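Note sheet for the following structure.
Quick caveat, the model's predicted, so the values are computed rather than measured. Letters A, B, ... are given to chains in the order of the sequence lines, protein chains preceding strands, and every chain is numbered from 1.
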Protein chains: 2
Amino acid sequence: MFDFSLFKNLNLHESSDFISALSEIAEFKTFPKNHIIHASGSICSHFYIITKGIARVFYFKEEKDITVHFAAEHDSITAIDSLIQRKKSKYSIETIEETETIAVNINSLELLFEKEPQFERFGRLFLQDLYIDLVERIDDLQLHTAQERYDTLLSKKPYLFQRVPSKHLASFLGMTAETLSRIKGK
Amino acid sequence: MFDFSLFKNLNLHESSDFISALSEIAEFKTFPKNHIIHASGSICSHFYIITKGIARVFYFKEEKDITVHFAAEHDSITAIDSLIQRKKSKYSIETIEETETIAVNINSLELLFEKEPQFERFGRLFLQDLYIDLVERIDDLQLHTAQERYDTLLSKKPYLFQRVPSKHLASFLGMTAETLSRIKGK
DNA sequence: CGCCGAGTTGAACTGAATCAAGAAACGTGG
DNA sequence: CCACGTTTCTTGATTCAGTTCAACTCGGCG
């Protein structure tokens, strides 16, 4: 069985049955640095829990590479639009460091939800967390200056500034690389 | 039984059992114009499906009244943070016109999910729709000009421009009332 | 009729983007 | 392990979209 305690969104006490079931449809996968785990335009087949390393979700908007999500140890990562709508994803997933993951096949997960409806609960709770994250991100983008957005991210996820190229941080923060550089220089 | 065909997020063919169950925990409620249905700082007890009228979700950020959601006929409205986290909401809900709703008690809904886990599916599908909406909103705010955001909303929900005061549209679009006025004036 | 909030219009200001050029870091092959 | 070319980062000058502030108009309602 996999060690799902590595995944912060699961509460082990409440969900050991689910974890057993999950283990049966999961497998270890390791990817080298700067590797495209999932390419946009295809349906994303897996949901990944990162046990080591760091990765990002991004897409191209008018030729610009926009990062929308970072995931490090204990985080999960997937092409969320594909997972939700079961259609080709506009997002790609790329490792930033060499990355070790527990990969859960999404079709198998759907089958599990059908067979054991009580596990739907975890799908819902997981989406709820994602939703809250997204709401905070909107607040941030709509109501704060570049400096404030930088400060917020720095306090929430300081390790990103050590491990991720600035250009990706800049697009994630909704500013140009130049602006981020100037903010850092102070 | 209530006519849930009035709610676009439910597919009647797939979910008639769920609709029967939902009907038993729902009731009609009508609110006058400019009425606060739910006040921030309290836990939101209901989830509303609007059958007539229009309402908005808003909150105060540094004294400014920010609208984050509009709902008209066939839409649902609730204080989403309260619904998800079962805690005091930072959002308020206010009618813009006289509004008729089907009100579903959230505690009853939770009990229903516990008793009939197969209904969790609807909770998940509903959240998925919300999530997709939110992702589109982030894209919009982060990557488009005020003019483009105006154009997008005008094509998606033209009726808002007839029925909602401009100041609320402006805050929803992430711009000042002055900027919106200038854009409209062209 | 007069008031007040909402909407409009103009002028000045500003945060951040763009454009440009140079410096530093990176990885790739010899 | 170094040399080279490419990408990333920094720094400066300029521009621009959108905000702020202020004055004025309009429309609804007591």
Side-chain angles (χ1 to χ4, degrees), chain A residues 31-36 53-56 58 60-67 70 92 94-99 137-154 160-186, chain B residues 32-36 54 56 58 60-67 70 92 94-98 137-154 160-186:
Chain A
F31 304 99
K33 184 177 176 177
N34 295 329
H35 177 83
I36 300 288
I54 192 163
R56 71 187 184 105
F58 69 100
F60 285 93
K61 189 90 181 186
E62 289 146 26
E63 279 100 69
K64 283 186 295 258
D65 171 332
I66 312 285
T67 296
F70 292 110
S92 299
E94 182 188 48
T95 60
I96 291 167
E97 303 170 350
E98 176 175 286
T99 300
R137 192 159 150 70
I138 285 191
D139 269 20
D140 212 39
L141 287 171
Q142 192 168 16
L143 297 159
H144 296 103
T145 63
Q147 177 76 55
E148 289 167 335
R149 275 158 14 226
Y150 172 86
D151 292 342
T152 302
L153 187 62
L154 187 58
L160 291 181
F161 293 81
Q162 318 303 323
R163 299 168 66 182
V164 173
S166 288
K167 59 176 180 169
H168 296 146
L169 289 172
S171 74
F172 180 76
L173 287 167
M175 64 185 75
T176 61
E178 292 94 324
T179 297
L180 177 56
S181 174
R182 280 183 245 274
I183 289 171
K184 283 203 291 186
K186 287 198 302 187
Chain B
K33 185 176 176 177
N34 296 328
H35 177 81
I36 299 289
I54 191 162
R56 71 186 184 105
F58 69 100
F60 285 93
K61 189 88 180 188
E62 288 144 26
E63 279 101 70
K64 281 186 297 255
D65 170 332
I66 311 284
T67 296
F70 292 110
S92 299
E94 181 188 50
T95 59
I96 292 167
E97 304 168 350
E98 176 175 285
R137 192 159 150 70
I138 285 190
D139 270 19
D140 212 39
L141 287 171
Q142 191 168 17
L143 296 159
H144 296 103
T145 62
Q147 176 76 56
E148 290 167 335
R149 288 180 334 249
Y150 171 85
D151 292 342
T152 302
L153 188 63
L154 187 57
L160 292 182
F161 293 81
Q162 317 304 323
R163 299 168 66 182
V164 174
S166 287
K167 59 177 178 168
H168 297 326
L169 289 172
S171 74
F172 180 75
L173 286 167
M175 63 185 76
T176 59
E178 292 93 326
T179 297
L180 177 57
S181 174
R182 279 182 247 273
I183 287 172
K184 284 202 291 187
K186 287 200 301 185

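- Of the two residues contacting DNA chain C, namely T145(A) and E178(A), the nearest-nucleotide position lying further toward the 5' end is that of T145(A).
- Remark: T179(A) is not in phosphate contact with dA16(C), judged by side-chain N or O atoms under 4.0 Å from OP1 or OP2.
- Atom NZ of K64(B) and atom P of dT19(D) are 10 Å apart (whole Å).
- Taking atom CG of residue L169(B) and atom C1' of nucleotide dT8(C), one finds them 16 Å apart after rounding to whole Å.
- Residue Q142(B) holds its CD atom at 9.0 Å from CG of L173(A), rounded to the nearest 0.5 Å.
- For the pair N34(A) CG and dT6(D) P, the interatomic distance rounds to 18 Å; values are reported in whole Å.
- The two residues L180(B) and A170(B) have their closest heavy-atom pair at CD2-N, 3.6 Å.
- To the nearest angstrom, P of dA16(C) lies 7 Å from CZ of R149(A).
- Rounded to whole Å, the distance from NZ on K186(B) to C1' on dG10(C) is 16 Å.
- Taking atom NZ on K184(A) and atom P on dT11(D), their separation rounds to 11 Å, with Å as the unit.
- Residue contacts shown for A146(B) are limited to sugar-phosphate atoms, with no base heavy atom under 4.0 Å away.
- K61(A) approaches I66(A) most closely through the heavy-atom pair CB-CG1, 4.1 Å.
- Summary of helix geometry: the two end axes of the helix from dC1(C)-dG30(D) to dG30(C)-dC1(D), each defined by five base pairs via their C1' atoms, are inclined to each other by 40° (rounded to 10°).
- Listed here is the closest heavy atom pair of I96(B) and P165(B): CG2-CD, 4.0 Å.
- A close approach under 4.0 Å does not occur between any side-chain nitrogen or oxygen of T176(B) and OP1 or OP2 of dG18(D).
- A straight line from CD1 of I183(A) to P of dC9(D) spans 15 Å, rounded to a whole angstrom.
- None of D65(A), T95(A), V164(A) except one satisfies the side chain to side chain contact (heavy atoms under 4.5 Å, CB included) rule with R56(A); the exception is D65(A).
- Toward the 5′ end of DNA chain D lies the nearest nucleotide of R182(B), the other residue of the pair K33(B) and R182(B) mapping further downstream.
- Distances from the side chain of S181(A) to the nucleotides dA16(C), dG18(D), dT10(D) place dT10(D) closest.
- Note on ring orientation: taking the six-membered ring where Trp is involved, the planes of H35(A) and F31(A) are parallel (angle under 30°, cut-offs 30° and 60°).
- If you take CG of L141(A) and C1' of dG15(C), they are 16 Å apart, rounded to a whole angstrom.
- The side-chain tip of R137(B) points at the ring of F172(B) from less than 6.0 angstrom away and within 45° of straight on.
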